[in-house]
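Being a predicted model, the structure only gives us computed values, none of them experimental.
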Amino acid sequence: MTKIRAAITGVGGYVPDYILNNDELSRMVDTNDEWITQRVGIKERRILKEEGKATSDLAVRAITNLFQKTGTKAEDIDLLIVPTITADMKFPAAANLAGEKLGLVNAFTFDISAACSGFVYGLEIASRMVESGAYKKAIVVGADMMSAITNYKDRTTCPLFGDGAGAVLVEPTTEDFGVMDRILGYDGKGGEFLHMLAGGSLHPTSHATVDAEQHYVYQEGRTVFKAAVSTMSDISFEIMKRNNITPEKLAWLVPHQANLRIIEAVARRMEIDKDQVLVNIQKYGNTTAATIPLCFWDFEKKLKKGDNVIITAFGAGFTFGAIYLKWAYNTK
Ligand code: UT7
């Protein structure tokens, strides 16, 4: 029997118009452009400021862009996965809300919570479902409105995050393109270093949790930094090795965009050049589940059919993953 693979056949994206640059941030909190640029590599990030709009709207706009570019109709979609940690509300899922707004009448829709590894986890789930033969047109849209859970009085976290959404269409193919290999995992011991304490069943929202500012991202940056570098390096190196991808054979590394220094350390370990790495952190910051598909969106013209592409991410949980793809199309 011919093997069915799952290939990305289109990408879409959306970032809000409002640009919060380092200078404006420096007027809000004790920081400066030089520190943020040197330590993290971010110059500006996008913030969703429209009244009544939230993560599902970011997802809807990215998917609308995907539909326009690929000529896909809403009724053809049979699966929608939304990796996010900033769903509009606890329930229903952002995917249910986005599906309704888009008119996805033939799909089933759900969110997954894997923080910055959300897109990699989501692509793994979607690709396995497509490979099964049961699903023909799946969408994974990494979408996060990080401004909703960022404390703009905390200089150690507020420069890092931004809002955005990136969507991919995943379809079956019997050709040798698409998802070729994957490594996914988690390290639950990392939970204490990166989390949002309140608003769940352990600490339901109360005056006390609000007073303690527990509805914001908490991060012990240095610990997360070290774990991110070693884990993303190990899994990216491992996936190269076991697929016989030498540095010359790799077209693109598409890493999660949390810190330029993390990205550069991973590239060094893989012994690849800077120009083999897709980077847009300077424009959008860390958009959590959206970083990797937003890179596909920004750099789609560079991605050529047959290119060996590795995506890799690390995030709260800790969660981590790397996927090796053979890019399936050329942009017209
Ligand atoms: O995406 C999910 C996973 N997340 C990540 O991968 C993020 C991983 N962590 C990081 O990227 C980095 O740890 C940060 C960017 C968060 C912080 O960079 P760092 O180089 O680890 O800085 P640090 O926390 O060690 O702080 C160094 C100094 C401190 O001052 P002292 O104690 O040396 O005097 C901080 O108080 O920098 C100070 N600092 C700042 N200064 C100006 C911290 N934040 C700022 C700031 N502006 N915004």
Side-chain angles (χ1 to χ4, degrees), residues 11-66 68-69 83-88 94 98 115-116 118-119 141-167 216-217 219 221 254-264 277-302 313 315:
V11 305
Y14 175 77
V15 289
D17 294 335
Y18 190 85
I19 297 173
L20 174 58
N21 64 26
N22 289 349
D23 289 334
E24 185 180 350
L25 206 62
S26 308
R27 293 192 291 274
M28 295 160 63
V29 74
D30 180 18
T31 189
N32 55 76
D33 176 57
E34 192 189 355
W35 190 94
I36 303 171
T37 306
Q38 284 179 3
R39 307 301 291 177
V40 204
I42 299 170
K43 285 290 196 188
E44 55 192 41
R45 63 294 286 145
R46 301 300 182 100
I47 306 293
L48 181 60
K49 291 210 173 208
E50 286 168 67
E51 195 61 39
K53 299 290 181 206
T55 293
S56 68
D57 301 289
L58 297 173
V60 164
R61 289 170 185 179
I63 295 168
T64 303
N65 176 243
L66 174 73
Q68 282 162 355
K69 286 172 64 186
T84 186
I85 53 166
T86 55
D88 304 33
C116 295
F119 181 76
V141 58
D144 270 300
M145 182 176 165
M146 293 303 292
S147 61
I149 59 166
T150 297
N151 182 353
Y152 288 96
K153 288 187 209 132
D154 174 10
R155 71 171 184 171
T156 69
T157 51
C158 76
L160 308 177
F161 299 106
D163 303 339
Y216 294 126
V217 176
Q219 173 170 246
V254 190
H256 169 55
Q257 315 274 309
N259 187 319
L260 188 58
R261 289 185 294 136
I262 297 176
I263 294 170
E264 287 171 353
V277 187
L278 300 186
V279 175
N280 60 8
I281 189 172
Q282 70 283 359
K283 292 198 290 183
Y284 307 141
N286 182 350
T287 54
T288 302
T291 61
I292 292 172
L294 280 176
C295 269
F296 290 154
W297 183 58
D298 265 357
F299 296 105
E300 191 180 14
K301 286 202 176 80
K302 284 186 179 243

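- For the residue pair N22 and W35, no side-chain donor N or O sits within less than 3.5 Å of a side-chain acceptor on the partner.
- For T291 (side chain) and T287 (main-chain N/O), no donor-acceptor pair under 3.5 Å exists by modelled atom type.
- Salt bridge annotation for E50-R61: present, with a cationic side-chain nitrogen under 4.0 angstrom from a carboxylate oxygen.
- In this structure, L25 and E44 have side chains that are not in contact, with every pair of non-hydrogen atoms separated by 4.5 Å or more.
- Using modelled atom types, no side-chain atom of D154 and backbone atom of N151 make a donor-acceptor pair closer than 3.5 Å.
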May I have the step-by-step check of side chain to side chain contact (heavy atoms under 4.5 Å, CB included) for F299 and L294, ending in yes or no? CA-CA 8 Å; F299 296 105; L294 280 176; over 6 Å; no
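- Of the possible donor and acceptor atoms, one in the side chain of D144 sits under 3.5 Å from a partner among the backbone N and O of I85.
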Worked verdict on M146 versus L160 for side chain to side chain contact (heavy atoms under 4.5 Å, CB included): CA-CA 10 Å; M146 293 303 292; L160 308 177; over 6 Å; no
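- Of all heavy-atom pairs spanning N32 and S26, the tightest one is CA-OG, 3.4 Å.
- In this structure a side-chain-to-backbone donor-acceptor pair under 3.5 Å is missing from Q257 to T288.
- Ion pairing of K49 with D17 is absent here, as no side-chain N (NZ or NE/NH1/NH2) approaches a carboxylate O to less than 4.0 Å.
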Start with the C-alpha gap between I36 and T31, add the side-chain angles, then the distance that decides, and say whether side chain to side chain contact (heavy atoms under 4.5 Å, CB included) holds. CA-CA 8 Å; I36 303 171; T31 189; 3.6 Å; yes
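- Panel note: side chain T55, backbone T86; a donor-acceptor pair is recorded below 3.5 Å.
- Here the shortest heavy-atom pairing between L260 and G41 reads CB-CA, 4.0 Å.
- Annotation: the span from I149 atom CD1 to Y216 atom OH amounts to 11.0 Å, rounded to 0.5 Å.
- The backbone N or O of R45 lies less than 3.5 Å from no partner atom in the side chain of K283, so there is not a single donor-acceptor pair.
- When the options L48, I47, D57 are evaluated for a side chain to side chain contact (heavy atoms under 4.5 Å, CB included) with P16, the one that passes is L48.
- A side-chain donor from one of D88 and S56 sits under 3.5 Å from a side-chain acceptor of the other.
- R261 and R39 get closest at one heavy-atom pair: NE-O, 2.9 Å.
- Considering only heavy atoms from C-beta on, D298 comes within 4.5 Å of Y284 through its side chain.
- The two residues N65 and W297 have their closest heavy-atom pair at OD1-NE1, 3.0 Å.
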Take T37 and K43, measure what side chain to side chain contact (heavy atoms under 4.5 Å, CB included) needs, and give me the verdict at the end. CA-CA 6 Å; T37 306; K43 285 290 196 188; 3.2 Å; yes
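- In terms of heavy atoms, A54 sits closest to M145 at CA-SD, 3.7 Å.
- In terms of heavy-atom proximity, F119 sits nearest to G142 at CD1-N, 4.5 Å.
- Between D163 and R46 there is no salt bridge, since no side-chain nitrogen of the basic residue lies less than 4.0 Å from a carboxylate oxygen of the acidic one.
- N21 CG to I42 CD1: the interatomic distance, rounded to the nearest 0.5 Å, is 12.5 Å.
- The environment of E24 atom CD is dense: over 12 non-hydrogen atoms of other residues, nucleotides or ligands sit within 6.0 angstrom.
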